[in-house]
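Heads up, the thing below is written out as structure tokens.
Since we're looking at a predicted model, the values are computed, not measured. Atom set for the values below is all heavy atoms of this structure, side chains included, hydrogens, waters and symmetry mates excluded. Order of the sequence lines fixes the chain letters, A, B, ..., with proteins taken first and strands second; residue numbering starts at 1 for each chain.
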Amino acid sequence: MIDPKVLRDQPDLVRAAQAKRGLSDSVVDEALAADTRRRAAIAAYEAKRSEQKSLGKQIPQAQGEEKQALLARTKDLSAEVKAAEAEQGEAEDAWDAALRAIPNLADEAAPAGGEDDYVVLEHVGTPRDFAAEGFEPRDHVELGRMLGAIDIERGAKVSGSRFYFLTGVGARLERALTNLAMDQAHAAGFTEAIAPSLVRPRAMEGTGFLGQAADDVYRIEGEDLYLVGTSEVPMAAYHSDEILDVASLPLRYAAFSPCFRKEAGSHGKDTKGIIRVHWFDKVEMFVYTTPDQAAAEHQRLLDWEKEFLDKLELSYRVIDTAAGDLGLSATRKFDCEAWIPTQGRYRELTSTSNCTEFQARRLDIRGRFESGPAPLATLNGTLCAMPRTIVAILETHQNADGSVTVPQALRPYLGGLEVLKPIAS
RNA sequence: GGAGGCGUCGCCUAGUCCGGUCUAUGGCGCCCGCCUGCUAAGCGGGUUUGGGUCAACAGCCCAUCGCGGGUUCAAAUCCCGCCGCCUCCGCCA
């Protein structure tokens, strides 16, 4: 959630931020009204409670009529306290709900507008010119079939649409990518993590995924558990309800986990191949740091993402996502989009978000500063989402005969394999 | 899945049976000060977190003994539900 003090003292700042995302600012007035009601309710309750406590202390000493009078008064007070407490609880809940409905304030530098209003920050590499090379590129579905790497038909047979099996060099490729990603993170000082992909509501809510993204979340029937769409969720909740030593920051984690997404509302989009699937594995970077370091850390996460894509010899562009396309928690988001030859366009491979103190407030993650405990900043960034990365590698590095040249950096992870060759069919 | 035990302000711990003087005990650690050539020891003080009020990071007040309800004038203490951890049994990758 946003800083309640900012809401109270600078509501116009929040209104402007809402406008930048293309959202109504009515939530601001609702939250302000809820805050006023809440504070009045707290004052009323505390006055009653204070009286009850002081009278209660006199009862054990009192005798006879005096005691009876006290008991009569405190009995009435008891009911009043109960009523005041109930009102306080309701006011507090309403205030909390109003505050949680407000998304993080978009960064000043983030472009205003919606999905199409992103700003391209840079292009890295040049998309391969297959026409000049004299052959028509095959898409990853066909390449995957020829290489015995991706089995979409059987994925559908076993689990339904948007599921797949990785087999043979496909499975080896995921393992190699995972290790390449983890090794890079490890070398950069990250702590490697394998995270649970089932979490309780608190973790899901705290990371902001039960808001407008709730339709995309799988829930386990009959249990209070959700399947995560990213290990950002368990990694953010990892230090929930903790006060961390500021000297230990930044805490950087590289977490592997399967990710599950309903992809509600995307019917008809990316129905072919493994660009958009209900399940995939991912190595995600997750950082806890101080608010004043968050922006610089965001750049570092972007740099690590670029370093990884560079190792895979992909051509890509980096975009600065517009405010309206930010998630609930993010103040700014950079996406790296790789060129997909058979689609003739750039597709998101990695994404890094600066969530400032938004998630930390919801999950009660604080640092012990000299001035006292205060919320930390959290950031996340994709290091490697397996299926899309495999798509980009296969399509980008394919040869006319359907073989695929393995990027140099990946070869040691595939036992020195230089070329993935079609299997005899 | 079955049986039992446990959960107190960083860590350990007293208190819970028999509700009120608990404004939660003591130790360790940590911080400040005194003392001392220096260090250690010793001595004194401080040390949960959140919130309300306020010009105030001063003072005062409220909440907080795993979480949520309930009983009561009054709950760390009594009752109910839940969560977590531990031990044993069963099952099992």
>> Using a 4.0 Å heavy-atom cut-off, does A:Arg8 contact any base of the nucleic acid, only the sugar-phosphate backbone, or nothing at all?
In response: sugar-phosphate
> According to a strict under-4.0 Å criterion, is A:Lys82 in side-chain N/O contact with OP1 or OP2 of B:U71?
Replying inline: yes
>> Can you tell whether the side chains of A:Asp139 and A:Lys272 come within less than 4.0 Å, N to carboxylate O?
In response: yes
> Taking only N and O in the side chain of A:Arg39, is any of them less than 4.0 Å away from OP1 or OP2 of B:G51?
Replying inline: no
> Does A:Arg347 come within less than 4.0 Å of A:Glu337, counting only side-chain N to carboxylate O?
Replying inline: no
> Quick one: A:Leu55 CG to B:C62 P, roughly how many Å, whole number?
Replying inline: 12 Å
>> Tell me if a side-chain donor or acceptor on A:Arg362 pairs with a main-chain N or O of A:Glu205 at a distance below 3.5 Å.
In response: yes
> Ring centroid separation for A:Tyr253 and A:Tyr238, is it under 6.0 angstrom?
Replying inline: yes
> Does A:Lys53 make a side-chain N or O approach to OP1 or OP2 of B:A63 shorter than 4.0 Å?
Replying inline: yes
>> Regarding A:Arg368, tell me which of base, sugar-phosphate or nothing describes its non-hydrogen contacts under 4.0 Å with the strands shown.
In response: sugar-phosphate
>> Whether A:Gln52 contacts B:C73 is assessed here as follows: a side-chain N or O lying under 4.0 Å from the phosphate OP1 or OP2. Is that the case?
In response: no
>> At 4.0 Å (heavy atoms only), tell me whether A:Ser50 reaches a base, stays on the sugar-phosphate, or touches nothing.
In response: sugar-phosphate
>> Please tell me if A:Arg200 has a side-chain N or O lying less than 4.0 Å from either OP1 or OP2 of B:C83.
In response: no
> A:Arg73 near the nucleic acid: base, sugar-phosphate alone, or nothing, with a heavy-atom cut-off under 4.0 Å?
Replying inline: nothing
